[in-house]
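Below you'll find the structure, written out as structure tokens, and then a few comments.
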2 protein chains.
Amino acid sequence: MRAPNPAGSRHLPLADTSSREGLVGAIESCGEGCGCNSKSVSAEVAAAERELANALMPPAMGGGDEDKLLQVGDVAKVSGKTVRAIHHYEELGLLQPHARSKGRYRLYDTGAVARVRWINKMHDLGLSLPQIQEIVRAWESASSAPSAMAKIRSTYQRKLEETRAQIAHMQSLERELQASIRYLDTCDACDPAEIVQACSSCHVHESEEKQPDLVAGIHGGAQRTLIKAAAAG
Amino acid sequence: MRAPNPAGSRHLPLADTSSREGLVGAIESCGEGCGCNSKSVSAEVAAAERELANALMPPAMGGGDEDKLLQVGDVAKVSGKTVRAIHHYEELGLLQPHARSKGRYRLYDTGAVARVRWINKMHDLGLSLPQIQEIVRAWESASSAPSAMAKIRSTYQRKLEETRAQIAHMQSLERELQASIRYLDTCDACDPAEIVQACSSCHVHESEEKQPDLVAGIHGGAQRTLIKAAAAG
DNA sequence: TCTTACCCTTACGTGTACGTGAGGGTTGAG
DNA sequence: CTCAACCCTCACGTACACGTAAGGGTAAGA
């Protein structure tokens, strides 16, 4: 398994991490088919997952487990993160290798993959890595299991409410996008020779209710006209 | 209006910006009642908005407009951002003051408020400020208004799809949070003297389907048990 | 043994969105 | 005129989540 390109693709692109997060951010490997994007990467991940599943469990083998350990690159591939990210999680105390090889290679059990997936989801839920670190620390230093779980549970409860608020907010953004697109549809009626500065005195859209924020914000001072009209009326 | 505490509250807290964005991020002033959070701040904003509306339009005044200009602090208050943020947007070319006072104070028209709101929403839609800058540049340097609008429209179209995918993703997170909370409910049955390391050999939840990722990721190697079971079966 | 694809640690760099003074001038009610 | 509350322009600082070498060792098929 150290020969050139053992079974899959090395140097997978990992999708450009360049774009920012905002509220509509970069999702990678949702895992379940939630209807979200990330096609190419999750395909890669699925392939990697199958490949490693075979590597971990050769056919006709009962079920030993202590010896089936992953290298950091394997964990990275399966979880859709980079090796550097895995290292970074370790620096923050979010993840520890199960063991080290003689040559100091990190060796992970499959629980590490679950952990990385968990980190990803917690991150998607709006927690920073230091915040996740806090949760892990609290968990690890807890004296009672059920009370530690209760703490986690209440964190999840809070996050559930935040997530719902977030969904509502994004749905309002969705509606505003729709309204804006509808509004801009009528720009077809505009003379192509018209210049953008003329938009502030445009009368093409007068049948529409009112400019959505996503339209009003485009022109520098188009809002003034509306205020004048309101004051005059 | 320069006397101590003219009508409102100076030094409003602005809610802690400390928490990160992720996918479930910090929303401030949604504007419309979308059911999202941000109570205290939006109340402040609403108050500031009324106050400034009065300041801009004293009762019994027709409708001049060129002279009703806002200072940067006013724009900040109404839009729920900081003065520094407004300055920052100007540095990036996203926003220009309509004029300057003799003492070089920035003076904005109400279109600036619309612009800041627009920037906020574009940001919430996942665009970075440099990306928004691109859009503004393209708009301002466009020769034809309808074609420039078509460009904006297609951007909104893309963003609409991304937003929908994003909503779907967050809904899947919501479901997983619910499932995890349900799962953790049964931890009540656990002995309070139990230690967290014992969770990996816990049998309290065996009636449940399968650990959600948000549960499996908490214990370091709890996933191993499941894999062994699957291999044995 | 050789070779290639991995892996190690250390450490500085990057992009985003502002925060936070420092040092000093401006506005306008009283 | 005074004085509190604004505002100005630099310009360095910060938190986050890694990216990106540099310099060197390791694992295992052929």
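The analysis underlying the following values was restricted to heavy atoms, covering all of them including side chains, and did not include hydrogens, waters or symmetry mates. What you see is a predicted model; the values in this text were computed from it and never measured. Letters A, B, ... mirror the listed sequences (proteins, then strands); counts begin at 1.
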For C:dC18 and B:Lys81 - does any side-chain N or O of the residue sit under 4.0 Å from the phosphate oxygens OP1/OP2?
yes

Would you say A:Tyr89 reaches D:dC18's phosphate, i.e. side-chain N/O to OP1/OP2 under 4.0 Å?
yes

Using whole Å, report how far CG of A:Leu95 lies from P of D:dC18.
13 Å

Measuring from the side chain of B:Val72 (C-beta onward, heavy atoms only), which nucleotide among D:dC8, D:dG19, C:dT16 has the closest atom?
D:dC8

Between B:Gln133 (CD) and C:dT16 (P), how many Å, whole number?
10 Å

Do the non-hydrogen side-chain atoms of B:Asp74 and B:Gln71 ever get within less than 4.5 Å of each other?
yes

Whichever of B:Gly73 and A:Pro130 has the more 5' nearest nucleotide on DNA chain D, that residue is B:Gly73

Rounded to the Å, how far apart are B:Ile119 CD1 and C:dT16 C1'?
15 Å

Between the protein and nucleotides 9-12 of chain D, list every N/O to N/O distance that falls short of 3.5 Å.
| unit_1 | atom_1 | unit_2 | atom_2 | d |
| --- | --- | --- | --- | --- |
| D:dT9 | OP1 | B:Arg100 | NH1 | 3.2 |
| D:dT9 | OP1 | B:Arg100 | NH2 | 3.2 |
| D:dT9 | OP2 | B:Arg106 | NH1 | 2.8 |
| D:dT9 | OP2 | B:Arg106 | NH2 | 2.6 |

Quick note, A:Leu129 side chain, CB onward, closest among C:dC18, C:dT16, D:dA17 is D:dA17

Any side-chain heavy-atom pair from B:Leu92 and B:Ile132 closer than 4.5 angstrom?
no

What is the distance, rounded to the nearest whole Å, between atom CG of B:Leu94 and atom C1' of C:dC18?
13 Å

Tell me the interatomic distance from B:His88, atom NE2, to C:dG19, atom P, rounded to whole angstroms.
10 Å

Could I get the full list of side chain to side chain contact (heavy atoms under 4.5 Å, CB included) partners for B:Ala76, not counting sequence neighbours?
B:Val83, B:Ile86

What pairs with B:Glu134 under side-chain hydrogen bond (donor to acceptor under 3.5 Å, both in side chains), at least two apart in sequence or on another chain?
B:Arg137

Starting from C1' on D:dC16, measure out to CG on A:Asn120 and report it in whole angstrom.
15 Å

All salt bridge (charged side-chain N to carboxylate O under 4.0 Å, His left out) counterparts of B:Arg104, not counting sequence neighbours:
none

The side chain of B:His123 lies closest to which of these nucleotides: C:dA17, C:dC7, C:dC18?
C:dA17

Quick one: on DNA chain D, does A:Val83 or A:Lys102 contact a more 5' nucleotide (nearest heavy atom)?
A:Val83

With A:Gln96 via side chain to side chain contact (heavy atoms under 4.5 Å, CB included) - residues at least two apart
A:Glu90

Could you tell me how far apart A:Leu70 (CG) and D:dA27 (P) are, to the nearest whole angstrom?
16 Å

Please list, chain by chain and in numerical order, all residues satisfying salt bridge (charged side-chain N to carboxylate O under 4.0 Å, His left out) with B:Arg115, sequence neighbours excluded.
none

Using the test side chain to side chain contact (heavy atoms under 4.5 Å, CB included), find all partners of A:Gln157 that sit at least two apart in sequence or belong to another chain.
A:Arg153, A:Leu160, A:Glu161, B:Ile181

Between the protein and nucleotides 21-25 of chain C, are there any N/O to N/O pairs under 3.5 Å, and if so, what are the atom names and distances?
| unit_1 | atom_1 | unit_2 | atom_2 | d |
| --- | --- | --- | --- | --- |
| C:dG25 | N2 | B:Tyr105 | OH | 2.6 |

Just to verify, what does A:Arg158 make a salt bridge (charged side-chain N to carboxylate O under 4.0 Å, His left out) with, not counting sequence neighbours?
none

For C:dT27, does OP1 or OP2 lie under 4.0 Å from any side-chain N or O of B:Ser101?
yes

Rounded to the nearest Å, what distance is computed from the CD atom of residue A:Glu91 to the P atom of nucleotide D:dC18?
11 Å

Between A:His123 and A:Leu127, is there a side-chain heavy-atom distance shorter than 4.5 Å?
no

